[in-house]
Amino acid sequence: MQPDKFYYDNKIVRNFGIATVIWGIIGMLVGLIVAIQLYKPEMNMHNQYTTFGRVRPLHTNAVIFAFVGNAIFMGIYYSLQRLMKARMFSDVLSKIHFWGWQLIIVSAVITLPLGLTTSHEYAELEWPIDILITIVWVVFGINMFGTIIKRRERHIYVAVWFYIATFVTIAVLHIVNSIELPVGFFKSYMVFAGVQDALVQWWYGHNAVAFFLTTPYLGMMYYFLPKMANRPIYSYKLSILHFWALIFIYIWAGPHHLLYTTLPGWAQSLGVVFSIMLIAPSWGGMINGLLTLRGAWDKVRDDVTLKFMVVGLTAYGMATFEGPMLSLKQVNAIGHFTDWIIAHVHVGALGWNGFLTFAILYWLIPRIYKTELYSKKAASFHFWIGTLGILFYAIPMYWAGFTQGLMLKEFTPEGMLKYPNFLETTMRILPMHVMRSVGGAMYLTGVIVMAYNLYKTAVQGKLVANEAAEAMPLAKLNPEAGTERWHRRLERKPVLFLIASLVVILIGTFIELMPTLTISSNIPTIASVKPYSPLELQGRDLYIREGCSNCHSQTIRPFRSETERYGEYSKAGEFVYDHPFLWGSKRTGPDLQREGGKYGNSWHYNHLMDPRLMSPGSIMPSYDWLITQKLDTTTTGAKIRGMQKLGVPYPAGYDKIANQELDKQAKGIADNLAKDHIKVKSNKEIVAIIAYLQRLGTDIKAGKTANN
Amino acid sequence: MKPIRLIFLSFFVLTIAPAYAEDGSLLSGETMNYIGYGAIMLALITLVVAMYVVLKAFRVVAKILLGPEGLEEKKVDKVVLKADKKAARAERINKMFSLKPLSEEKTILIEHDYDGIQELDNPTPAWFMYLFYVTIAFGIGYLLIYHVFGVGQLQDAEYRTEMAVAAKQKAAFLAKSANKVDENTVKLTTDASVLAAGKSIFQERCAACHGNNGQGMVGPNLTDDYWLHGNKISDVFKTIEYGVQSKGMPTWESQLTPKQISDVANYVKSLHGSNPANPKEPQGTKMADNDGSASDKEAKAKTAMVVK
């Protein structure tokens with residue numbers, strides 16, 4: 001039999017590589033800007049489009065979906081072809097995939113600063129873009145599976161198992177978390193509300209980390225690490241065990257993002273125990289990687305790509321141990337909502353995702369350009385400044401997290417909060433925020449040096465766009481194949497493999513989501529909780545547009561330190577009309593769930609205009625554009641109709657009179673402000689957002705819990 | 001010993017950094033902050049540089065002390081020693097992690113390769129499996145404790161316990177201290193230390209709405225003859241303690257101690273008739289200074305009882 005001659009497509013790999021570097025620099029630069037805004041609010045350039053609440057999601061989307069996303073596709077398109085001994089299934093689909101993905105990112109770059117957001121973290125993009133993501137993801141899936149089907153290698157290697165799991169799980173996550181009802185071309189409401197919406201979002205959010213930031217990178221590690229070190233993978237058995245354990249257990253752990261909220265206790269406990277059980281399966285990947293380097297440690301000293309790999313794997317090990325520790329409720333009580341979490345995710349993102357990406361780029365670009373790396377010294381510089389950058393980033397953030405977390409919980413012997421003013425704790429940690437931006441700048445410097453180094457490498461070589469390869473076509477199945485172990489058999493049936501992974505991730509999904517989404521007793525209702533008035537609803541959408549939930553939570557945990565500070569702790573029934581929920585995940589400022597009635601309208605007016613007027617030293621940006629911009633009331637009817645469809649009990653025909661009601665309430669607030677010598681027209685945006693803030697958390701004061 | 005001093009200095013600077021952020025009596029808070037940031041940066045950079053310099057210096061010193069040959073000799077010795085140590089350590093590590101020695105690797109190499117990548121047929125390390133089993137056992141135990149046997153407290157119960165414990169501690173503390181004062185026992189005073197304490201609380205908490213001199217901004221003027229919620233010291237105390245929800249006056253009950261409320265109430269009373277600049281127009285009803293009519297002496301005598 002003659003071997004088949006064919007060509008690997010290196011051009012698509014190169015394109016994804018370029019996109020990785022460019023978006024990486026942009027995403028990290030935006031990150032640096034928002035980090036500086038946290039101690040210098042003027043860095044928003046006095047412009048609503050570049051203010052923290054709107055650009056922080058831009059940072060997260062750019063680094064996750066643009067930087068890491070493109071890096072995943074680069075790694076998969078390179079390794080998949082070689083592991084399957086086949087060119088990508090279709091060049092056209094590859095191109096559609098590449099340009100489609102870039103289009104998604106560009107639309108994110110446009111819509112997020114405009115304030116078009118669903119407010120779901122890491123899924124902020126509005127419904128038209130959600131549809132585009134689905135299409136491009138399916139294109140990717142067809143292209144990947146097409147390649148697998150026409151492979152010249154009987155069994156699929158562990159790297160590809162991880163790619164398959166990534167594809168199928170992200171598809172499920174994205175679709176379920178994007179079930180939303182459009183009420184305009186760029187506005188939609190989440191179908192689920194309150195606790196249910198929170199559970200879906202964090203099931204998604206947690207598993208986006210698992211299946212976008214972890215599994216594809218483990219797959220790439222399994223291909224590129226043995227290639228770089230020229231060593232066999234340490235243990236095939238460990239690969240099998242940790243792959244299945246990882247994807248099965250990971251999907252359950254989402255509720256650890258919602259500890260001490262109104263999520264039912266049993267769901268919280270499942271989140272805790274599955275997080276703890278996740279330690280070993282996560283470490284399985286690190287162990288298999290580090291032990292693969294046995295006998296090659298002398299290479300690590302000289303080879304910068306291996307250095308990046310080792311630090312990356314170590315960061316992965318640290319982050320996957322810290323994560324389960326943070327999900328123990330005693331630890332979570334201190335760490336949640338503080339900078340500790342920011343430190344935790346950045347050890348993972350900068351260390352694991354960043355360093356693995358850099359290692360792969362340094363290894364792969366010279367190979368597809370048939371040349372040597374332009375400067376090893378520059379790469380080595382990148383490694384050291386990157387590592388120092390991570391330390392300078394993480395250590396101050398841990399410090400800040402502990403400091404603030406403990407300060408907020410401290411009481412005086414008289415039984416008073418030691419730091420009743422939230423701002424006091426914020427001011428204390430500002431120096432740490434300055435240092436972390438220095439750490440971030442160091443890391444970014446390294447990436448820019450890498451970009452230059454790779455550019456010079458590319459220029460001195462020549463792209464092998466189509467790399468010649470040959471392999472024997474698949475022979476008839478060996479009769480001995482029937483005696484293979486079960487997993488070995490599964491490895492030659494990719495479609496079955498896909499279905500098996502799907503079933504494994506759906507088990508946890510169903511057991512955790514279904515009861516909360518369907519059994520009403522899990523969410524005790526409260527009779528006095530009423531739907532938002534039209535003006536409040538519009539104000540709420542402004543709150544979403546400005547991204548307030550990036551810094552302010554709306555869920556009070558049942559701790560003495562929180563009920564003393566914020567008031568009565570949250571009840572599940574209070575959120576039943578919250579499409580979407582706005583609990584937030586970080587308290588850069590205080591919680592706002594019981595903000596209603598705490599201050600007068602004029603306080604809010606002045607505070608939004610310039611927070612430093614009312615709270616000297618505040619790091620909240622000024623929202624003066626809310627005073628000049630007119631509230632768009634043309635959408636009110638559609639929004640009310642949308643809410644009615646989602647089961648919010650507005651009376652029939654209310655959409656027709658909603659704007660009259662809105663005007664009446666707005667006039668009342670404007671008149672009230674006029675009493676304090678504040679002249680503002682009732683049709684301005686600020687009136688709506690004040691109305692919403694004054695409503696927050698007031699409903700249960702009007703009545704008692706129906707179902708205690 | 002300069003580097004060591006530098007290291008100490010940098011730690012010192014790091015530990016006092018929060019103080020910089022807090023207290024800015026000489027320079028403005030912001031300037032102090034920037035000095036603090038600068039000091040921290042500088043200290044960290046110095047630390048890195050110092051470590052590098054020390055390392056280099058040791059190398060040079062070693063060269064001078066041992067001479068070039070001596071250094072080489074040492075190096076050779078070291079290499080031999082290192083190799084021995086390395087072998088011993090490798091064996092220890094192999095044992096600890098239940099690894100097969102590298103020399104036996106060929107026997108467990110799986111024949112197949114993927115694009116040149118081979119796999120070994122090592123068992124999953126025993127300690128790894130123990131770790132996994134222990135976490136699973138923890139998980140089962142956790143669910144049993146919290147959801148089957150009901151030993152562990154879920155969050156609502158946990159909250160009730162926390163509050164009960166806090167209430168007990170608070171009561172015990174207050175019983176021992178002279179801090180007990182409420183709207184019925186509060187007394188008017190012009191004692192300078194009380195007014196000073198009241199003033200500092202006022203500046204921190206009240207000035208944002210009532211103005212630095214109590215002239216009124218969002219909140220009403222506190223210096224004129226007009227009052228919305230009564231002008232007796234007990235009225236002022238009550239207004240501060242419980243707030244006036246409808247008008248945006250927050251409750252301070254949980255943020256100020258009774259003694260602090262009493263101090264600030266007295267300070268507010270002392271502002272009467274101070275005629276500050278830019279006063280807000282009067283709100284409420286005109287009231288005579290009823291309990292202020294008591295003579296200073298009398299007030300002082302009463303204060304002594306309150307404060308002590």
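Proteins get letters first, then strands, A, B, ... in listed order; numbering begins at 1 in each. Computed from a predicted structure; not experimentally measured.
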Could you tell me whether A:Glu491 and A:Arg488 make a salt bridge, using a distance below 4.0 angstrom between a side-chain N and a carboxylate O? yes
Would you mind checking if A:Arg231 and B:Glu105 are paired as a salt bridge, meaning a charged N to carboxylate O distance below 4.0 Å? yes
Winner by heavy-atom pair count (cut-off under 4.5 Å) against chain B, out of A:Tyr39, A:Tyr569, A:Phe411: A:Tyr569
Under a plain distance cut-off of 3.5 Å, with no hydrogens placed, do A:Ser79 and A:Tyr157 share a side-chain donor-acceptor pair? no
Looking at chain A, which one of B:Ile136, B:Ile110, B:Leu131, B:Ile117 has the largest number of heavy-atom pairs inside 4.5 Å, strictly under? B:Ile117
Considering only NZ, NE, NH1 and NH2 on the basic side and carboxylate oxygens on the acidic side, decide whether B:Asp263 and B:Lys259 come within less than 4.0 Å. yes
Is it the side chain or the backbone of B:Glu281 that comes within 4.5 Å of chain A heavy atoms, both, or neither? side chain
Here the gap from B:Glu158 atom CD to B:Met163 atom CE, rounded to the nearest 0.5 Å, amounts to 13.5 Å
Is the backbone N or O of A:Thr412 less than 3.5 Å from a side-chain atom of A:Lys418, with the two atoms forming a donor-acceptor pair by type? no
What part of A:Leu241 lies closer than 4.5 angstrom to a heavy atom of chain B: side chain, backbone, both or neither? side chain
Name the member of A:Gly415, A:Pro558, A:Gly265 that forms the most heavy-atom pairs with chain B at distances under 4.5 Å. A:Pro558
Less than 4.0 Å between a side-chain N and a carboxylate O, is that true for A:Glu153 and A:Lys85? no
Check each atom of A:Phe392 against the heavy atoms of chain B and say whether the ones under 4.5 Å are side chain, backbone, both or neither. side chain
Quick one: what part of B:Pro123 sits under 4.5 Å from any heavy atom of chain A, side chain, backbone, both or neither? backbone
Counting only heavy atoms closer than 4.5 Å, note whether B:Trp252 contacts chain A via side chain, backbone, both or neither. neither
Bottom line for A:Leu291: the part with an atom under 4.5 Å from chain B's heavy atoms is side chain
Could you have a look at B:Asp115, B:Thr135, B:Ile140 and say which one has the most heavy-atom pairs with chain A under 4.5 angstrom? B:Asp115
Taking all non-hydrogen atoms of both residues into account, name the closest pair between A:Gly284 and A:Leu238 and its distance. O-CD2, 3.8 Å
A:Tyr599 vs A:His607, test: side chain to side chain contact (heavy atoms under 4.5 Å, CB included). Steps then yes/no. CA-CA 10 Å; A:Tyr599 303 99; A:His607 185 257; over 6 Å; no
Side chain from CB out, backbone as N, CA, C, O: work out which of these in B:Tyr114 comes under 4.5 Å of a heavy atom of chain A, or both, or neither. both
Interchain contact, B:Leu256 with chain A, by part (heavy-atom threshold 4.5 Å): backbone
Sorted by chain and number, sequence neighbours left out, side-chain contact (heavy atoms from CB on, under 4.5 Å) with B:Val165 holds for B:Thr161, B:Gln169
Which bit of A:Ile249 is near chain B, if near means a heavy-atom gap under 4.5 Å: side chain, backbone, both or neither? side chain
Quick check on A:His677 against chain B: is it the side chain, the backbone, both or neither that has a heavy atom closer than 4.5 Å? side chain
Max heavy-atom pairs within cutoff under 4.5 Å with chain A, candidates B:Lys170, B:Arg205, B:His147, B:Met249, goes to B:His147
With chain A, the option among B:Thr124, B:Asp156, B:Leu154, B:Leu120 that has the most non-hydrogen atom pairs under 4.5 Å is B:Leu120
